[in-house]
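A short worksheet on the structure shown next.
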2 protein chains.
Amino acid sequence: MPSLPKGRQRQKQLYDAAARLFAAQGYHATSLRELAEALGLNKSSLYHYFDSKQELLYQLLDDYISEALEGIQALCGDGQAPEEKLAAFMRYYTRFYARDLDRLALLVNEVDSLEPRFRKVLEKKERRYLAALTDIFEQLRGQGRLKQVPSTVAAFAFFGMVHYTFKWYRPKGKVSPEELSDMFWEIFGRGVLRPREGA
Amino acid sequence: MPSLPKGRQRQKQLYDAAARLFAAQGYHATSLRELAEALGLNKSSLYHYFDSKQELLYQLLDDYISEALEGIQALCGDGQAPEEKLAAFMRYYTRFYARDLDRLALLVNEVDSLEPRFRKVLEKKERRYLAALTDIFEQLRGQGRLKQVPSTVAAFAFFGMVHYTFKWYRPKGKVSPEELSDMFWEIFGRGVLRPREGA
DNA sequence: CATAAAATCTACCGTCCGGTCGGTTTGTTT
DNA sequence: AAACAAACCGACCGGACGGTAGATTTTATG
């Protein structure tokens, strides 16, 4: 009862392997034959676990984005000061992806590989994602704490900084995810925030 | 004599169309049949202009990266103060790519689509690219003007901010490339630089 | 206007792709 | 051990892929 039922276990292996391959080589450059081989399975056996390659990618991405969205919304709910909210958001967000770069690579690169039917669903969730951050910026602006920069520019500047990490950052290297999140907050936060008047 | 010879003109059309398609759909997701159709040509006619699809991508990327590298090295040569050098670098760099997002998308996304033989050449140039920026950071550190952040982290944070623009930024929108480069410099520069002592 | 080079086309190749089909093995339940 | 579903496999399909060979048209040049 504590461990996963056998079938689910296999399914998780499959999803993990797919994520790894898609992240490393790209969705289009990865064949189902390759995926099957990585699992020691026959290609046709894969179809026991999903209906099509597109649907496999969609399920991966939807799982990831939904989980991230939940985490973010949990952070943004309560009545903290906007500056604390921003710091919490950015540190959580950076750590979350610095620890799972495959996930990040998939979300950044492969949403465009989906058919419109699937892509639209995810883009909707991405917009809520973005809105969570721009909302915080607007609260800061209301308090006169934001520099003269459009909220969307600020938000995408931050997303760019973090989303690009999968291209160069390695969590087992000299800089831990915790340290990275501190550095990003220092670089970005101090840059965007105007010092309190009379400080 | 002022205008291009006919063949070169066609070649430029071809490169432009390839860049547009590869940027919009990705290298693997774009077929040579598609490219030929976009040019009103038969697929086999393409091979008059290049030897293989790989070589086409390589030529595109090598042209782009070489041009960017020249521009950067021209900026970094003279004896300005490091802070001015950093500002010049970042503004130039942001504007350069904000004006040609297809180029940017290709350089960010498709270097990995090259066979190792080609990829290695470009990665070498990319490293000189990165070194140009980290050098400036090290000069700043020597003057005590850099916050406690590794140069590579600072450099990639900046590259991330800029390289991600192709995902969201549109140069014909409300924010011009000039304005964007100012904003990025404000966000990033003020964040990374420690105020002068006694300021 | 002949000629050679540049540019383009038609027809085709072998290969790999995602996906299907029907059947076999494995494991569970009664 | 009968019955059934879950898990898996071998053989195959149509089609798209990148790429090739050779002929043909267009264009510039003497």
Side-chain angles (χ1 to χ4, degrees), chain A residues 1-22 24-61 106 110 112-119, chain B residues 1-22 24-61 106 110 112-119:
Chain A
M1 177 152 282
S3 69
L4 291 166
K6 175 125 190 301
R8 292 285 161 187
Q9 195 175 323
R10 231 335 179 208
Q11 190 172 44
K12 191 176 182 313
Q13 282 175 13
L14 198 163
Y15 277 42
D16 287 349
R20 193 158 23 86
L21 287 172
F22 288 167
Q25 309 178 337
Y27 171 80
H28 289 293
T30 303
S31 72
L32 293 181
R33 284 164 176 84
E34 238 179 317
L35 175 59
E37 196 176 357
L39 291 160
L41 274 182
N42 186 291
K43 177 174 67 76
S44 23
S45 305
L46 297 179
Y47 284 84
H48 191 66
Y49 298 94
F50 53 78
D51 292 339
S52 71
K53 195 188 178 189
Q54 276 281 308
E55 201 234 37
L56 168 62
L57 178 61
Y58 171 71
Q59 291 223 355
L60 277 173
L61 292 174
L106 250 67
E110 304 298 351
D112 294 330
S113 300
L114 289 168
E115 297 166 8
R117 159 178 60 120
F118 289 130
R119 197 175 54 232
Chain B
M1 177 154 281
S3 69
L4 290 167
K6 176 120 190 302
R8 293 286 162 186
Q9 195 173 324
R10 230 333 178 213
Q11 190 171 45
K12 191 177 183 314
Q13 282 175 14
L14 197 163
Y15 277 42
D16 287 349
R20 192 158 23 87
L21 287 172
F22 288 166
Q25 309 178 339
Y27 172 79
H28 289 293
T30 303
S31 72
L32 293 181
R33 285 164 175 83
E34 238 179 318
L35 175 58
E37 196 175 359
L39 292 160
L41 274 183
N42 186 291
K43 175 176 65 77
S44 16
S45 304
L46 298 178
Y47 284 83
H48 191 67
Y49 298 95
F50 54 77
D51 291 340
S52 72
K53 195 188 178 189
Q54 275 280 308
E55 200 233 36
L56 168 62
L57 177 62
Y58 171 70
Q59 291 225 356
L60 277 173
L61 292 174
L106 250 67
E110 304 299 351
D112 293 330
S113 300
L114 289 169
E115 296 166 7
R117 156 177 61 121
F118 289 130
R119 197 175 55 233

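Letters go in sequence order (proteins before strands), and every chain restarts at 1.
Taking atom CG on A:Leu41 and atom P on C:dT25, their separation rounds to 17 Å, with Å as the unit. The interatomic distance linking A:Leu46 (CG) with C:dC17 (P) rounds to 13 Å, in whole Å. Per the geometry, CG belonging to B:Leu56 stands 16 Å off C1' belonging to D:dC17, to the nearest Å. We find that CD of A:Glu37 is positioned 15 Å from C1' of C:dC17, with the value rounded to whole Å. The distance from atom CG of A:Leu32 to atom C1' of D:dA16 is 15 Å, rounded to the nearest whole Å. To the nearest angstrom, P of C:dG18 lies 15 Å from CD of A:Glu55. Across the protein-nucleic acid pair, B:Lys43 atom NZ and D:dA16 atom C1' stand 10 Å apart, rounded to whole Å. The NZ atom of A:Lys12 sits 17 Å away from the P atom of D:dA7 (whole-angstrom rounding).
Between A:Asn42 and D:dG10 there is a side-chain N or O to OP1 or OP2 distance below 4.0 Å. Put simply, B:Ser31 has a side-chain N or O that comes within less than 4.0 Å of OP1 or OP2 on D:dC17. Applying the 4.0 Å criterion to OP1 and OP2 of C:dT8, one finds that B:Arg10 has a side-chain N or O inside that range. In terms of phosphate contacts, A:Arg33 brings no side-chain nitrogen or oxygen within less than 4.0 Å of OP1 or OP2 of C:dG19. One finds no side-chain N or O of A:Tyr47 lying less than 4.0 angstrom from the OP1 or OP2 phosphate oxygen of C:dC21. Neither OP1 nor OP2 of D:dC8 sits under 4.0 Å from any side-chain N or O of A:His48. Taking 4.0 angstrom as the limit, A:Ser45 places none of its side-chain polar atoms (N or O) nearer than this to OP1 or OP2 of D:dA7.
Of all heavy-atom pairs spanning A:Glu110 and A:Phe22, the tightest one is OE2-O, 4.0 Å.
Distance check: B:Phe118 CZ to B:Leu61 CG gives 11.0 Å after rounding to the nearest 0.5 Å.
DNA chain C is contacted by both A:Glu34 and A:Ser44; A:Glu34 maps to the nucleotide lying nearer its 5′ end (nearest heavy atom per residue).
A donor-acceptor pair under 3.5 Å is absent between the side-chain atoms of A:Tyr49 and the main chain of A:Leu56, judged by distance alone.
Counting heavy atoms of neighbouring residues, nucleotides and ligands inside a 6.0 Å radius, atom CD of A:Glu55 exceeds 12 of them. Within a 6.0 Å sphere centred on CD of A:Glu115, other residues, nucleotides and ligands contribute more than 12 heavy atoms.
Side-chain N/O atoms of B:Lys53 and base N/O atoms of D:dG19 include no donor-acceptor pair closer than 3.5 Å.
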